[in-house]
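Along the sequence shown, residues are numbered consecutively beginning with 1. Note that the structure is a prediction, hence the values are computed from the model and not measured.
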Amino acid sequence: RPTSPTQAHAPILRVQGLTKRFHPDFPPVVENVGFTVEQGEVFALLGPSGCGKTTTLRLIAGFEQPESGQVWLEGREITRLPAEERGIGFVFQDYALFPHLSVFENVAFGLRRLRGKVRQARVLEVLGLVGLTVFKDRKPGELSGGQQQRVALARAIAPGPKLVLLDEPFSSLDAALRQATRDEVRALLKQAGIGAILVTHDQEEALSFADRLAVMRSGQLEQVGTPEEVYHRPRTPFVAQFLGRTNLIPGEARGLEAETPLGRILLSEEAHGAVLLSLRPEGLGLAMPLGHLGISGKQLEGTVLAREFKGHDMTYRVQLGNRELIVQESPESPFRPGDKVRVLVRAKAVVVGRGQ
Ligand code: ATP
């Protein structure tokens, strides 16, 4: 198939206006979803359980047909192409390995089109890549969860796809193994130059694994961006809250400042009128009330409700007027429940919506 100059620079995957409904009386499970994945890029679809992530992945893989919208792979439309002709790898949540086949045979399964020696060489090459050569004759049941996960990955990448789809592949691993496996898989994909889409409901996993991610809610994408963008510049209250703890505060914006219940605070970008602002706990701080220091002056005085020691920081819940704030301080900070504290605003607030 000839590649035109535009195709050579085409994203590995383009999804446009994808909509899927399982039942005519219910709203679509996936609605007007669109995004692109560049060559070799690791992308994540992040959202709460039931928001439509897996269905989106299955539409891309060809296991489901959309009601409308298109899927393009390297500039070629594949919306109606059967799954087995798409050349996309898939790693299922439960790995879906064949229990009666050896590790070697499981990986070879995806290479039915290759013959004898070539096939064998490719299986050994991929097993080497995922560090499982010594286990090649074992059955999946004789491996740990992390090892089974690597067999599933090896099987998905053996045919040499440019894109693999990973549906919550780390969810059955315990916390320590999950992080190590995640780092390994990411390094492997990058080394092989394979693009990937990871489906997860774990914000930390999406932030650390992906080059870019899409935050999904009730079948729709709320925001697409780099981990830094979606964390530091969320566009909606949902994105702000789903990516970590935050304080949502109403305000009246005038350019680069806003009047709020926390006083006048700076904004990360210009806005006007009633707004809803997000301030992360690390953007707030606590200090002794001015009175304790023998100084009189205007201050935001609150009361500590609770504190939580987290090793690398101390997180406080503070009552300020009728509002409860989450504040992150250094682990040595001395305040205790009941203490009066002065609340400091240390960062610019982000506009996440219009106010009432
Ligand atoms: P989870 O993280 O829990 O897997 P998800 O974000 O991946 O959730 P989906 O599995 O895509 O969500 O499901 C989205 C919605 O579509 C759910 O309400 C689910 O019940 C519904 N759904 C999924 N598959 C089907 C199907 N084959 N028939 C009917 N409804 C379905």
Side-chain angles (χ1 to χ4, degrees), residues 11 15-16 31-38 41-48 51 203-287 298-300 302 313 315-318 320-330 342-356:
V15 171
Q16 242 168 357
E31 189 170 8
N32 197 22
V33 163
F35 61 90
T36 56
V37 179
E38 302 302 323
E41 185 179 36
V42 174
F43 192 88
L45 273 177
L46 171 70
C51 73
Q203 47 99 2
E204 194 190 305
E205 183 161 291
L207 290 175
S208 62
F209 190 78
D211 299 319
R212 280 188 314 132
L213 58 118
V215 182
M216 196 165 184
R217 180 198 192 186
S218 310
Q220 301 182 3
L221 298 192
E222 289 237 336
Q223 189 171 347
V224 181
T226 63
E228 290 79 6
E229 279 164 2
V230 292
Y231 186 81
H232 291 298
R233 294 201 294 283
R235 290 280 163 214
T236 67
F238 176 80
V239 173
Q241 287 178 305
F242 198 72
L243 283 168
R245 300 212 273 187
T246 198
N247 298 288
L248 293 179
I249 295 157
E252 186 69 27
R254 259 176 242 102
L256 285 169
E257 297 182 334
E259 283 304 334
T260 75
L262 302 190
R264 184 174 296 178
I265 60 180
L266 297 176
L267 302 181
S268 64
E269 63 191 316
E270 217 173 292
H272 293 274
V275 286
L276 188 63
L277 302 170
S278 164
L279 258 174
R280 295 267 178 224
E282 61 267 31
L284 294 176
L286 299 181
K298 223 175 121 192
Q299 62 176 356
L300 284 172
D313 65 66
T315 304
Y316 291 93
R317 285 199 296 118
V318 175
L320 185 83
N322 60 0
R323 196 169 297 281
E324 205 178 297
L325 299 173
I326 312 167
V327 181
Q328 186 176 314
E329 263 293 347
S330 70
R342 186 154 48 103
V343 177
L344 312 172
V345 180
R346 292 176 165 152
K348 292 178 180 171
V350 180
V351 178
V352 290
R354 305 302 307 173
Q356 318 303 334

Can you tell me how far apart [atom1] ([X]) and [atom2] ([Y]) are? Round to the nearest 0.5 Å.
X: Glu229; Y: Gln223; atom1: CD; atom2: CD; answer: 8.0 Å
X: Glu329; Y: Glu282; atom1: CD; atom2: CD; answer: 11.5 Å
X: Arg233; Y: Lys348; atom1: CZ; atom2: NZ; answer: 11.5 Å
X: Glu257; Y: Glu252; atom1: CD; atom2: CD; answer: 13.0 Å
X: Leu286; Y: Leu300; atom1: CG; atom2: CG; answer: 11.0 Å
X: Leu243; Y: Leu213; atom1: CG; atom2: CG; answer: 6.5 Å

- Any residue meeting side chain to side chain contact (heavy atoms under 4.5 Å, CB included) with Glu38, in chain and number order, not counting sequence neighbours: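 Only Pro11, Thr36, Glu41 meet the side chain to side chain contact (heavy atoms under 4.5 Å, CB included) criterion with Glu38.
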[X] to [Y] - nearest heavy-atom pair and separation:
X: Gly219; Y: Val33; result: O-CG2, 3.4 Å
X: Pro250; Y: Pro261; result: O-CD, 3.3 Å
X: Arg280; Y: Gly244; result: NH1-O, 3.2 Å
X: Ala253; Y: Val275; result: CB-CG2, 3.9 Å

- Can you sort out the partners of Tyr316 under ring-ring contact (aromatic ring centres under 6.0 Å, His included), two or more places apart, ordered by chain and number?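 Applying ring-ring contact (aromatic ring centres under 6.0 Å, His included) to Tyr316 gives none.
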- Query: In chain order, what residues pass the ring-ring contact (aromatic ring centres under 6.0 Å, His included) check against Tyr231, with sequence neighbours excluded?
  - Reply: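 ring-ring contact (aromatic ring centres under 6.0 Å, His included) list for Tyr231, sorted by chain: empty.
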- Message: Whether Glu269 and Arg235 form a salt bridge (side-chain N of Lys/Arg under 4.0 Å from carboxylate O of Asp/Glu) is what I want to check.
- Response: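 Looking at Glu269 together with Arg235, the answer is yes, because their closest N to O distance falls below 4.0 Å.
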- Determine whether the side chains of Thr315 and Gln328 contain a donor N or O and an acceptor N or O closer than 3.5 Å.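 Note: Thr315 and Gln328 side chains miss the donor-acceptor criterion.
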Compare all side-chain heavy atoms of [X] with those of [Y] and state whether any distance is below 4.5 angstrom.
X: Glu324; Y: Val318; answer: no
X: Leu284; Y: Leu344; answer: no
X: Leu256; Y: Leu266; answer: no
X: Val352; Y: Phe238; answer: no
X: Leu279; Y: Ile265; answer: yes
X: Leu267; Y: Leu277; answer: yes
X: Leu276; Y: Pro237; answer: yes
X: Cys51; Y: Glu222; answer: no

- Counting only heavy atoms not in Arg323, do more than 12 fall under 6.0 Å of its CZ?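 Counting neighbours around CZ of Arg323, more than 12 heavy atoms of other residues, nucleotides or ligands fall under 6.0 Å, so yes.
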- Task: Please step through side chain to side chain contact (heavy atoms under 4.5 Å, CB included) for the pair Leu46 and Leu207, ending with a clear verdict.
- Result: CA-CA 9 Å; Leu46 171 70; Leu207 290 175; 6.0 Å; no
- Query: Does Gln241 reach the main-chain N or O of Leu248 with its side chain, forming a donor-acceptor pair under 3.5 Å?
  - Reply: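 It does not hold such a pair.
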